[in-house]
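Down below is the structure, laid out as C-alpha cells.
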Amino acid sequence: MYAIFNRFELNLPIEVVLSCSQPGKDAKQDVEAALRKYPSLLADIRDLDPFLVREELSEYGAWDEEELADEGANAERLVWLAACDLKEELF
C-alpha cells in the first residue's frame, strides 16, 4: 500500500500497516520489528533525500531540529505516520 506524503511516496506491506498503527499503544517496538523484517522498506527510506524527509516531518510540528537530525528515528517516524494514515484509509 502506498502512503502519499507531500514530497514522496512510501510503499508499506499491509502487515506493517496493521502492526504499526495501534491506537493507545506505543508502536516503537512494532516499527522497529517491521524495519528488521522488511529490509527493503528501510532501503526505500534510506533512498529518500534526508532533507526532504526532515522537511516533511517538520510540518507535523512534533519534533524539533535536533530530533529531526536523527535519520534512524526519522525512518521510524515515517513508517509510523504512513501506517496510521493507511490504516485510517482502510477503516
Side-chain angles (χ1 to χ4, degrees):
M1 301 183 67
Y2 281 91
I4 300 172
F5 291 91
N6 291 327
R7 294 162 181 82
F8 46 80
E9 296 179 355
L10 190 58
N11 188 15
L12 271 66
I14 187 72
E15 180 183 338
V16 173
V17 172
L18 297 175
S19 69
C20 295
S21 59
Q22 300 175 21
K25 180 182 172 201
D26 182 358
K28 183 170 179 58
Q29 289 181 333
D30 296 312
V31 170
E32 289 171 346
L35 289 171
R36 282 191 305 273
K37 184 173 182 176
Y38 297 96
S40 62
L41 175 57
L42 184 56
D44 289 346
I45 294 169
R46 286 183 175 158
D47 285 344
L48 297 172
D49 181 332
F51 174 79
L52 294 179
V53 170
R54 286 190 303 274
E55 204 171 67
E56 186 75 33
L57 292 172
S58 72
E59 290 181 358
Y60 288 85
W63 304 283
D64 62 29
E65 276 187 47
E66 186 176 323
E67 291 169 313
L68 292 174
D70 184 340
E71 291 183 22
N74 288 347
E76 293 174 5
R77 293 174 183 128
L78 283 180
V79 171
W80 175 66
L81 290 167
C84 290
D85 285 348
L86 290 171
K87 188 170 182 184
E88 197 172 291
E89 286 178 26
L90 285 173
F91 303 101

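For clarity, every value in this text was computed on a predicted model and none was experimentally measured. We're numbering straight along the sequence, starting at 1.
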Please give me the minimum heavy-atom distance between Val16 and Ala83, naming the atom from each residue. O-CB, 4.0 Å
Check: residues 60-69 side-chain donor-acceptor pairs under 3.5 Å, at least two apart:
unit_1 : atom_1 : unit_2 : atom_2 : d
Asp64  : OD1    : Glu66  : N      : 3.1
Asp64  : OD1    : Glu67  : N      : 2.8
Glu67  : OE1    : Asp64  : N      : 2.8

Hydrophobic cluster membership, Val17 vs Ile4, 4.5 Å side-chain cutoff: no
Quick note, ring-ring contact (aromatic ring centres under 6.0 Å, His included) partners involving residues 8-29, not counting sequence neighbours, are Phe5-Phe8
Within residues 37-54 or reaching into it, pairs that qualify as salt bridge (Lys or Arg N to Asp or Glu O under 4.0 Å) - sequence neighbours excluded: Glu15-Lys37
Applied to residues 71-91, the salt bridge (Lys or Arg N to Asp or Glu O under 4.0 Å) test, sequence neighbours excluded, yields Lys28-Glu76
Pairs touching residues 5-14 that satisfy salt bridge (Lys or Arg N to Asp or Glu O under 4.0 Å), sequence neighbours left out: Arg7-Glu55, Arg7-Glu56, Arg7-Glu59
Same apolar cluster (I L V M F W Y, side chains within < 4.5 Å links), Phe91/Trp80: yes
If you measure from CG on Leu41 to CG on Leu12, what distance do you get to the nearest 0.5 Å? 5.0 Å
Quick check for you: to the nearest 0.5 Å, what is the distance between Ser21 atom OG and Leu81 atom CG? 11.0 Å
Do Val79 and Leu42 come within less than 4.5 Å of each other through their side chains, counting heavy atoms only? no
Measuring from atom CG of Leu35 to atom SG of Cys20, what distance do you get when rounded to the nearest 0.5 angstrom? 7.5 Å
When rounded to the nearest 0.5 angstrom, what distance separates CG in Leu18 from CG in Leu90? 7.0 Å
To the nearest 0.5 Å, how far apart are OG in Ser19 and CD in Gln29? 12.0 Å
